Protein chains: 2
Amino acid sequence: MEITESNTTESSILNAAKGIFQRKGMAAARMQEIADEAGINKSMLHYYYRSKQLLFEAVFKSAFSTLAPQLNEIINADNSLFDKIINFTQNYITFIVKHPYLPNFIIQELNRNPEFARKLFSEKMPNIDKFRKQIENDVTNGLIKPINAEQLFINILALNVFPFVGAPLIKGFLNIDDKDFLKLMHERKIEVSDFIINAIKI
Amino acid sequence: MEITESNTTESSILNAAKGIFQRKGMAAARMQEIADEAGINKSMLHYYYRSKQLLFEAVFKSAFSTLAPQLNEIINADNSLFDKIINFTQNYITFIVKHPYLPNFIIQELNRNPEFARKLFSEKMPNIDKFRKQIENDVTNGLIKPINAEQLFINILALNVFPFVGAPLIKGFLNIDDKDFLKLMHERKIEVSDFIINAIKI
DNA sequence: ATTTAGTTCAACCAAATGGTTGACAAATGT
DNA sequence: ACATTTGTCAACCATTTGGTTGAACTAAAT
């Protein structure tokens, strides 16, 4: 196997699979459709990835290993709480605007397959002790109102992740089109961190 | 057709379909599995609902018409903003704890089928003018900090809806089991409204 | 008692779908 | 040059899956 510029067929399969799986989910995705989008024969999918399940797992792991480190920033970065919130919000929204199907895809498949979810997290268990200590310290030092670290973590995640996962719901209720939605998301890069900081600062 | 206690077969089909569709989604759901769960022959599904698509739509509409009015409370209820936030948070979380698959199901299928989503909302278009006026008034009267009505609506939705949609992600990152998760959700009935009110009150 | 309409199911069916095979071409090593 | 490995595809295959059919059974209506 040449390491030069990794097999072009294999990578075009993976790219096509990413597109289809992330838009349609495992169950609704069709191997033929992936082959068509990759511009190759269906046999090639099996030649490189053996089965639909394995191809799916390759796509899922790639997606998850892209998203997880971003969320880990909240609990593991070294900066102050407010900087952490400001940076995460800015970075995450910027990133997801470019990959709008990612969070929904991951959440969807984790919901469908709790086994897989548990296995995934047991391999490399995140640890929020550091984050919890930081919150407790800031509370003790009178920097922020008393709040549970878990609840704050959920709130940060919710305010940043939900708008993309629930996009159709939001577009429907606010009766806005894609362009206006995107504008709202750009505003949220500062809107959300302001909101969180206002909620907890003394 | 007797109106007495609405056909027991038909309703047991609908109940089984709700369970399967909401847990697995349209694509992964199997007609045979629904029939098994309903304890009847597969032909009965088609006898009462013609096709998988129509059965799915019956389930989806039932789910959506349960959830939508709750969200409408935010934009249409008559009470003050703070009361609105307190009531909605309390009611919504209490309700969803009893129907944990609902929000994910609806969001999932809206994402998969943007056509359907657009049609759904064009039938009975929600209108946030009233809510927008309320926010603008409260801002003018110095009750709350300046904030865009759309952004506040998204934030309220996010903080309440996301934890259930993203449950596996949260359980994974916080490394907690179902029992602890449920405890966190119960705490959120007051936690979330406090958080929102703190974020916007002057 | 007989018709009629509604209900239920076992057995089928056609299409779709994930996966396999075998032949063949294109590199790659010797 | 030759042999071996690797890549590619058209044609198949087995199974699953949504959907149909026709016969039997029930219960009310005539």
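Everything numeric here is computed off the predicted structure, so don't read it as measured data. In what follows, chains carry the letters A, B, and so on, assigned in the order in which the sequence lines appear, proteins first and then strands, with residues in each chain numbered from 1. Side chains included, hydrogens not; waters and symmetry mates left out as well; all remaining heavy atoms used.
Residue contacts for B:Ala35: at a heavy-atom cut-off of 4.0 Å it reaches no nucleic acid atom on any strand shown. If you check every strand for non-hydrogen atoms under 4.0 Å, A:Leu45 touches nothing. Among the heavy atoms of the strands, none lies under 4.0 Å from A:Ala27. Within 4.0 Å (heavy atoms only), B:Tyr48 reaches sugar-phosphate atoms of the nucleic acid but no base atom. Residue B:Met44 is classed as a base contact, given a heavy-atom separation below 4.0 Å to a base.
Candidate nucleotides C:dT21, D:dT20, C:dG19 were compared by shortest atom distance to the side chain of B:Ser43, and D:dT20 ranks first. Side chain of A:His46, nearest nucleotide from C:dG18, C:dT21, C:dT7: C:dG18.
Checking the phosphate oxygens (OP1, OP2) of C:dG18, a side-chain nitrogen or oxygen of A:Arg30 falls inside 4.0 Å. The phosphate of D:dT8 has OP1 or OP2 within less than 4.0 Å of a side-chain N or O from A:Thr9. OP1 and OP2 of C:dC9 both lie 4.0 Å or more from every side-chain N or O belonging to B:Tyr47.
Regarding A:Ile13, its CD1 atom lies at a distance of 11 Å from the P atom of D:dG7, rounded to whole Å. Whole-Å rounding puts the A:Lys52 NZ to D:dT15 P distance at 18 Å. The distance between atom CG of B:Asn41 and atom P of D:dT21, rounded to the nearest whole Å, is 15 Å. The nearest whole Å value for the distance from the CE atom in B:Met31 to the C1' atom in D:dT15 is 19 Å.
Using modelled atom types and a 3.5 Å distance limit, the side chains of B:Asn155 and A:Arg188 yield a donor-acceptor pair. In the model, B:Asn198 has a side-chain atom that pairs as donor or acceptor with a side-chain atom of B:Lys201 under 3.5 Å.
Paired with B:Tyr48 under the rule side-chain contact (heavy atoms from CB on, under 4.5 Å), one option of B:Leu55, B:Leu14, B:Leu54, B:Ile13 passes, and it is B:Ile13.
Looking at A:Thr89, its side chain never comes within 3.5 Å of a backbone N or O of A:Ile86 through a donor-acceptor pair.
The aromatic rings of A:Phe153 and B:Phe173 sit tilted relative to each other, their planes meeting at an angle between 30° and 60°.
Between the side chain of A:Lys42 and the base of C:dG19 there is at least one donor-acceptor pair of N/O atoms closer than 3.5 Å.
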